[in-house]
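Let me begin by handing over the structure; questions about it come next.
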Amino acid sequence: MKLPSVTHGPVSLSKIDYAPNLSEETVAFTAVVTIDGKSAPVRNDGRGGNNLVQIREVDDLIEAYAKTLPDDQTQYGPLSFNGDYLIATMIEMAISQAEDAKMKRKGYTHVAVGAGRKLYARGASAPVFETLVKTVGKEAALLMRIKTL
C-alpha cells in the first residue's frame with residue numbers, strides 16, 4: 001500500500017510502500033529517506049529489527065538530527081530520539097494520514113485520538129463527544145482530542 005510522503009524538520013520520507021500483511025513486531029515498509037539533499041533507501045522487514053538506512057552517510061546525518069530533538073512523551077514515559085525511532089515515528093505518521101484520508105472518503109467527519117485509541121465519527125463535535133462517552137467512558141473521552149477531518 002502506497003503511503004503519503006511525510007517530513008520532520010530536514011528529514012523526509014517518500015515513495016513509502018507499506019506492507020501490513022508482513023508486519024509482525026514492527027512495520028514492514030520500504031521508502032526513500034532524504035536529509036540535506038542526500039537520499040538513501042530505507043526498509044524494515046517487519047520482524048522486530050531496526051530500520052535499515054542503506055547509505056551510511058545518510059544514516060549518520062539522520063542520527064545527528066534525531067539527537068537534537070527533545071524527548072518524545074509516550075505512555076511509557078519520555079523516550080529519547082535516535083534515527084531509528086525518528087523514522088518509525090514518521091512511518092506511523094504516514095500510516096495515520098492515509099487512514100484519516102480513507103475514513104474521510106467514507107464520509108467520516110471527525111477523529112478522536114487519545115487513551116490508546118483512535119475513533120472516527122460523523123456529525124458535529126457535540127454528538128461525537130456523546131458517542132465517545134458511550135464507547136470508551138467519560139474519563140477516557142475527556143482525555144481524547146477531537147479534530148475535524
S12 versus T7, side-chain donor and acceptor atoms under 3.5 Å: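 Per modelled atom types, T7 and S12 side chains form no pair under 3.5 Å.
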Nearest atoms (heavy-atom pairs only) where S23 meets Y18: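 Nearest heavy atoms, S23 then Y18: OG-CE1, 3.9 Å.
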Common cluster, V32/I91, ILVMFWY with side-chain heavy-atom separation under 4.5 Å: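 Each belongs to a different hydrophobic cluster.
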Sub-4.5 Å side-chain heavy-atom contact between V33 and V11: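 They are in contact (side-chain heavy atoms under 4.5 Å apart), so the answer is yes.
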For D84, side chain to side chain contact (heavy atoms under 4.5 Å, CB included) partners two or more places apart: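 For D84, the residues satisfying side chain to side chain contact (heavy atoms under 4.5 Å, CB included) (neighbours in sequence not counted) are N50, N51, N82.
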Donor-acceptor contact below 3.5 Å, side chain T74 vs main chain G77: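 Such a contact is found between T74 side chain and G77 backbone.
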Common cluster, V111/L3, ILVMFWY with side-chain heavy-atom separation under 4.5 Å: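 Shared cluster, no.
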L52 reachable from L22 in the ILVMFWY side-chain graph, under 4.5 Å edges: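 Different clusters.
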Exercise: identify the closest heavy-atom pair between V53 and A40: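 In terms of heavy atoms, the two residues are closest at CG1-CB, 4.0 Å.
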Short side-chain to backbone donor-acceptor contact, S96 and E92, under 3.5 Å: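 No.
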Verify same cluster id: M103, M1 (apolar side-chain graph, 4.5 Å):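 No, no single cluster joins them.
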Partners meeting salt bridge (Lys or Arg N to Asp or Glu O under 4.0 Å) with K15 (sequence neighbours left out):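 K15 satisfies salt bridge (Lys or Arg N to Asp or Glu O under 4.0 Å) with no residue once adjacent residues are dropped.
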From CG (D17) to OG1 (T30), nearest 0.5 Å: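 The CG atom of D17 sits 4.5 Å away from the OG1 atom of T30.
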Derivation of the side chain to side chain contact (heavy atoms under 4.5 Å, CB included) call for K118 and D100: CA-CA 10 Å; K118 190 173 190 178; D100 288 352; 3.0 Å; yes
ILVMFWY cluster, Y108 and I95 together (side-chain gap under 4.5 Å):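 Different hydrophobic clusters.
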Closest heavy-atom pair and its distance - Q97, S5: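 Taking Q97 first and S5 second, the nearest heavy atoms are OE1-O, 4.1 Å.
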Distance in Å, L149 CG paired with K102 NZ, rounded so as to fall on 0.5 Å steps: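 If we round to the nearest 0.5 Å, L149:CG and K102:NZ are 13.5 Å apart.
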Validation: residues 57-71 side-chain donor-acceptor distances under 3.5 Å, sequence neighbours left out:
| residue | atom | partner | partner atom | Å |
| --- | --- | --- | --- | --- |
| E63 | OE1 | G83 | N | 3.4 |
| E63 | OE2 | G83 | N | 3.0 |
| Y65 | OH | H8 | ND1 | 3.0 |
| T68 | OG1 | Y65 | O | 2.5 |
| D71 | OD1 | S80 | OG | 3.2 |

Atom of P4, atom of I16 and distance for their closest heavy-atom approach: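 Answer, listing the atom of P4 first, then I16: O-CD1, 3.4 Å.
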Whether D45 side chain and R47 backbone form a donor-acceptor pair below 3.5 Å: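 Side chain of D45 to backbone of R47, a donor-acceptor pair under 3.5 Å: yes, one is there.
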